[in-house]
Amino acid sequence: MSAPVIALPTDSLSRLGLRISDTIHYQLPPDELALHCLHRKEAVRGDTGALVIRTGAFTGRSPKDRYIVKDEVTTGSVHWNDFNQPIDPAHFHRIFTAVTTWLNKAPGLFVRDCCVCADPRHRLNIRVINETPGGNLFAYNMFLRPGEEELEDFHPDWQILAAPGLTLNSTECGTRSSTAIVISFRHRLIVVAGTAYTGEIKKSVFSILNFLLPRDRNVLSMHCSANKGPKGDTAIFFGLSGTGKTTLSADPGRRLIGDDEHGWTEDNIFNFEGGCYAKCIHLREDKEPEIYHAIRPGALVENVKFYPGTDRINFDDGSITENTRVSYPLSYIRNSLEPSVGPVPTNIFFLTCDAYGVLPPISRLNPGQAMYQFISGYTAKVAGTETGITEPKPTFSACFGAPFLPLHPGRYAELLGRKIKQHGVKVWMVNTGWSGGPYGQGSRIQLSYTRAMITAALDGALDKVEYHPHPVFGMAMPTSCPGIPAELLNPRNTWPSPTAYDEMAGHLADWFTTNFRKYAEAIPSPEIHAAAPVRPGRNNAHP
Ligand code: ATP
Ligand code: MN
């Protein structure tokens, strides 16, 4: 069967300033995009059929080069901060013109119409225009793929122009460097210049949804993965980069709804995307079979190396970056659920990768503690997703996603708090990081243990055990859990020196307290304040 011929939307591309020519490739299927990549020598094929590309100088997001146009739409509504950096409309116009001029000179252009938001009530149409076929394949893999009938009368709500090869003139463009990722809410445009890291495309779309959905539709947008159990219950997993959203949501016993971005409405949760973007570093078939087997024709692998003289990927080679990645359509995970919609969640997990070995591997949070942890958004950033991070560093990122939140974090926190209470959702905190000591001394909690603890929470086993409060952080630690040695459940017992543990717990408590100060005044609820850590000897310990 030959591919359907869908007409190139010439008028609307011309309106953007793009020159119509026969080098514009519209809506190419993935195998044809792959051939373009290979022909242009921008990719090679691995032994399992997946395409392997390099993304050049950028192998992670570049938050310092990300801007939002400050105009009548955004001035009073965007929470301007280190992540939401303003750029004025005149500079945006220059960047946009530089991008279209560049794209008009490119040897080819790859245009793809797709959409986001699996709940049709909230669907947005997105047109992605790439300088490279690899970028366009990423868009195919990651966003929702409209059917032929939907394409016949497709009007993009938002358009993305990606010109990775372009070097901006930073003086003229008012940017920090020759790279920029710019969002214009007024023009409903995203432009990406000077970086080929594909994650910029997906996370800028996430950022616009984080503005539009809570503001206009009362939908909570969330940086989380989601899956659905055999009894129909959904679970969502919040967490910053590297904490385990993608890994832990790929669970052979549950249907995958999505691995990174979701919305929570009055009556459901839904995936924004149509694909996954998984880390590949140290990937093992036995530990993460779902992801391992997704690396096949159609999948796009970034910044990995082969074993010398072969076309077999060496997943342990982090010499280009630790942040090696693969994108693939959601359906590449056996058991994925499409349309990717599920009921209101029964369980919420906050994933944190605590490199200091302080937080318990699993614990239960009361509503006040849940809000405190959500606002804090703690993890220790490990090497990877962001340029320049090579060793662990404590990070507090409100709502487990501050770089992607255009509104004040309080808006999202308030929505979540209300929903947790309204639906009586159980909230768990899971430390996927260190145990037995900090990074360098202890070791990372075994993935198989983390999976077993999550399963125990989901199947109700942890409803039947006893708990005791953490002396500093207050969360309830189970005293037993099926499949887990009991001594692992209380992190203090895993350290060679309990006093060294207490000291480290004190440091972590101080970091939490210092971070929370910036929100403290805006939070009236005593319940949330009561969830702050207490340093033994300074205050009353948790009861
Ligand atoms: P991002 O937002 O960047 O996509 P993420 O939250 O999806 O990040 P993952 O891609 O799931 O994070 O990364 C977790 C990484 O940590 C994986 O490489 C996984 O193999 C590894 N890992 C090691 N031990 C554990 C554990 N106990 N729990 C979860 N992940 C673990
Ligand atoms: Mn992920």
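Atoms within a ligand are numbered from 1 in the order they appear, just like the ligands themselves.
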**Study point:** Which segment of D260 sits under 4.0 Å of ligand 1 when only heavy atoms are counted
**Key:** side chain

Review point. Nearest to atom 21 (C) of ligand 1 by heavy atom, Q446, R444, H223: which?
Key: R444

Review point. Ligand 1 versus T450, non-hydrogen atoms closer than 4.0 Å: side chain, backbone, both, neither?
Key: side chain

Check your understanding: Going by atom types alone, do T179 and D65 pair a side-chain donor with an acceptor below 3.5 Å?
Key -> no

Exercise for review: Less than 2.8 Å from the Mn ion (ligand 2) is the window; count the protein N, O or S atoms in it.
Suggested key: 1

Practice item. Answer yes or no: does an N/O atom from A278 fall short of 3.5 Å to an N/O atom of ligand 1? Key: no

Review point. Going by the salt bridge (Lys or Arg N to Asp or Glu O under 4.0 Å) test, which pairs reach into residues 460-476, not counting sequence neighbours?
Key: K426-D463

Point to revise | Within 45° cone of Y140 ring axis and under 6.0 Å: R145 NZ or CZ | key: yes

Exercise for review: Flag the pair R451 and D251 as a salt bridge only when some basic side-chain nitrogen lies within less than 4.0 angstrom of an acidic carboxylate oxygen.
Suggested key: no

Review point. Is there a donor in the side chain of T198 and an acceptor in the side chain of E302, or the other way round, less than 3.5 Å apart?
Key: yes

**Study point:** Polar proximity ligand 1 side, T246 side, N/O cut 3.5 Å exclusive
**Key:** yes

Revision key, fill the gap. Applying ring pair (Phe, Tyr, Trp, His ring centres under 6.0 Å) to Y378 and not counting sequence neighbours gives F396, F512

Practice item. State whether the shortest distance between N or O atoms of E288 and N or O atoms of ligand 1 falls below 3.5 angstrom. Key: yes

Practice item. Applying salt bridge (Lys or Arg N to Asp or Glu O under 4.0 Å), name anything that partners R123, two or more places apart in sequence or on another chain. Key: E150

Check your understanding: Charged N to carboxylate O below 4.0 Å: is that the case for R334 and E290?
Key -> yes

